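Here is how names work: the chains are called A, B, and so on, in the same order as the sequence lines, proteins then strands, and each is numbered from 1. Quick caveat, the model's predicted, so the values are computed rather than measured.
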2 protein chains.
Amino acid sequence: MFKKVLLAEDMEDINKGVTTLLSELGIQEVQQVQYCDDAYLKIQKAILDEKPYELIITDLSFKKDYRSQKYPNGPDLIKKIKQEVPGLKIIVYTVEDRLQPVRNLFNIHGINGYVCKTRQGLKNLSLAIKEVFLGNQYLSPEVINALSSNSDLDIDNYDIELLNNLSKGMSQEEISALYKKNNISPASLSSIEKRLNKLRIDFNANNAIQLIAIVKDLGLI
Amino acid sequence: MFKKVLLAEDMEDINKGVTTLLSELGIQEVQQVQYCDDAYLKIQKAILDEKPYELIITDLSFKKDYRSQKYPNGPDLIKKIKQEVPGLKIIVYTVEDRLQPVRNLFNIHGINGYVCKTRQGLKNLSLAIKEVFLGNQYLSPEVINALSSNSDLDIDNYDIELLNNLSKGMSQEEISALYKKNNISPASLSSIEKRLNKLRIDFNANNAIQLIAIVKDLGLI
DNA sequence: CCTCACCTTACGGAAACCCGTAAGGCAGAA
DNA sequence: TTCTGCCTTACGGGTTTCCGTAAGGTGAGG
């Protein structure tokens, strides 16, 4: 089993529950932080001391408070860690159960496990730790479909960016002009219309308004 | 201090932390449930036994699972309780920190306290219990502005419904037709346009698309 | 080299949205 | 009653979106 684990989670009550679980699993050294920046510093320090962490368990959302943070929330921290210490295992433990964010965390950032905070959350977290220790991936049941390939319509970054610009109130013509200026292709009004048409079909939307409402609900933007 | 309190909260870890806090506050009888339906039943039973609860502490969101529920989440439960036992005090303890939902809970349903789950969540909850025991309202700092009158632009149910219909992909003409059929006033296309224009100004939106994006983010719809 | 498939762009017309102006209706105050 | 302010409705015209059709460009494979 893992010997040294770091837990990043801002809420004291949850923090306490998880720490107990980790001890019960036989993990000798369990440390915890309530801010992502602290997590990053501890990880770096541990490496310098040649006693690195073997596993990070982190929430995704951290409430903002008076302390300004370089890494305000989970994804920022995860990105940084996986860039600098790609071998370090990461399990996400969070309430977020929308599939697209889960997909991104696995496909882009390369996390090792994802557990939803639910009634069985702690139980699943314990399973996740065991699987990740064996070198496997783990997804809790609520999001098991996130990585099944058929479930993703091919939405790429261009699409996301397009939807983002739309939701910021830009007209399609303005977006076209912006893309031409920045050499983003395709940039013509016609292409943008066509792309949006495809998205409307993909998501069963009558018009751009409903499209934005839907992708907001899905958490795509 | 309160003698008999019921806690409705689906996650075991949090549940445990809060229960401990309540005991420390000197509350003799603390019971807890993980489903809203169970909460409702316990409340009814306690009244029949002539040992009613004096305070309910409840989360807002409860994860769905295999058990189908008559009251699937906090607001449903709160509405029912306040209808049947208006004098029973209710404190909401949740992560939700958007102002509009908070406003609704106080103004429509008449809850007595609202505490956000944050780093200081437990501390604030303890304050809330004391205040509510004294007959006062309590809002935790994150949402203290929810009830300050100046912060609400006068958005009424008509506006919310209008935005909802828009986000469902209806055209303004379709909405007009629907309202005429259902005798909802104003129903003319012109009035609907005018109302949306006002909303766009209120929310600083360039067009209907951005308007929907904004009100979705705010949690108005 | 040519062909074919695919992507980008262009264009035109219908529908929807945006915005200003103005007329009708209704309630309260003089 | 008349006046006034406010809300609802009507209408016109400019802009944007939606949806075809079609022309140019590019790249893979024959």
Side-chain angles (χ1 to χ4, degrees), chain A residues 149 152-218 220-221, chain B residues 149 152-218 220-221:
Chain A
S149 57
D152 71 351
L153 329 144
D154 49 342
I155 311 294
D156 58 21
N157 284 337
Y158 180 90
D159 292 313
I160 302 291
E161 203 41 44
L162 186 52
L163 292 166
N164 250 318
N165 287 326
L166 253 195
S167 77
K168 286 190 293 194
M170 297 179 73
S171 74
Q172 298 174 21
E173 202 149 5
E174 285 170 332
I175 296 174
S176 166
L178 176 70
Y179 285 8
K180 279 172 183 161
K181 190 160 73 72
N182 295 358
N183 287 324
I184 297 172
S185 166
S188 72
L189 177 58
S190 188
S191 293
I192 288 171
E193 287 176 342
K194 212 170 284 295
R195 195 65 80 108
L196 285 174
N197 186 48
K198 175 185 157 300
L199 290 171
R200 277 199 306 276
I201 293 169
D202 283 349
F203 289 106
N204 257 316
N206 288 334
N207 54 37
I209 296 174
Q210 190 182 12
L211 177 61
I212 293 298
I214 290 171
V215 297
K216 277 237 168 253
D217 280 338
L218 290 174
L220 284 177
I221 60 174
Chain B
S149 57
D152 73 347
L153 329 145
D154 49 340
I155 311 294
D156 57 20
N157 284 338
Y158 180 91
D159 293 312
I160 302 290
E161 203 41 44
L162 185 53
L163 291 167
N164 250 317
N165 287 326
L166 253 195
S167 78
K168 287 191 292 192
M170 296 179 73
S171 73
Q172 298 174 19
E173 202 150 5
E174 285 169 331
I175 296 174
S176 166
L178 176 70
Y179 285 8
K180 280 173 182 158
K181 189 160 72 71
N182 296 358
N183 288 324
I184 297 171
S185 165
S188 72
L189 177 59
S190 189
S191 292
I192 288 171
E193 286 176 343
K194 213 170 285 293
R195 195 64 82 108
L196 285 174
N197 186 46
K198 174 186 159 298
L199 289 170
R200 276 200 306 277
I201 293 169
D202 283 349
F203 289 107
N204 258 318
N206 288 334
N207 54 37
I209 296 175
Q210 191 182 11
L211 177 61
I212 292 298
I214 290 171
V215 296
K216 277 237 167 254
D217 280 338
L218 290 176
L220 284 178
I221 61 173

### Task
Would you mind reading off the distance between A/Gln172 atom CD and C/dC18 atom P, rounded to a whole angstrom?
12 Å
### Message
Output the rounded distance in Å from CD1 (B/Ile175) to C1' (D/dT9).
### Response
17 Å
### Task
Specify the closest pair of heavy atoms between A/Ser176 and A/Ala187, including all atoms of both residues, with the distance to one decimal.
OG-O, 2.7 Å
### Task
Can you see which heavy atom on A/Glu173 is nearest to which on A/Leu189, and at what distance?
N-CD1, 3.9 Å
### Message
Between C1' on C/dC17 and CG on B/Leu189, what's the gap in Å once rounded to a whole number?
### Response
9 Å
### Query
For D/dT8, does OP1 or OP2 lie under 4.0 Å from any side-chain N or O of B/Ser188?
no
### Query
Tell me: CD of B/Glu173 to P of D/dC18, nearest whole Å?
16 Å
### Query
What is the minimum heavy-atom distance between B/Lys180 and B/Ser188, and which atoms define it?
CE-CA, 4.4 Å
### Task
In whole angstrom, give the distance that lies between atom NZ of A/Lys198 and atom P of D/dC18.
16 Å
### Query
Rounded to whole angstroms, how far apart are CD1 on A/Ile209 and C1' on D/dC18?
13 Å
#### Entry: Gap between atoms CD1 and C1', on A/Ile184 and C/dT9 respectively (whole Å)
17 Å
### Query
B/Ile212 CD1 to C/dC17 P: how many Å, rounded?
12 Å
### Message
Rounded at 0.5 Å granularity, tell me how far CG in B/Asn197 sits from OG in B/Ser191.
### Response
12.0 Å
### Query
Is there a donor N/O on one and an acceptor N/O on the other, under 3.5 Å, for the side chain of A/Ser190 and the base of C/dA10?
yes
### Query
Would you say A/Asn182 has more than 12 foreign heavy atoms packed within less than 6.0 Å of its CG?
yes
### Message
With a 4.0 Å cutoff (strictly under), does any side-chain N or O of A/Asn197 reach OP1 or OP2 of D/dC19?
### Response
yes
### Message
Base, sugar-phosphate or nothing for A/Glu193? Non-hydrogen atoms, less than 4.0 Å.
### Response
base
### Query
Just to confirm, is there a sub-4.0 Å distance from OP1 or OP2 of D/dC19 to any side-chain nitrogen or oxygen of A/Arg200?
yes
## Note on the structure
Note: for B/Lys194 and B/Asn206 on DNA chain C, the residue whose nearest nucleotide lies more 5' is B/Asn206
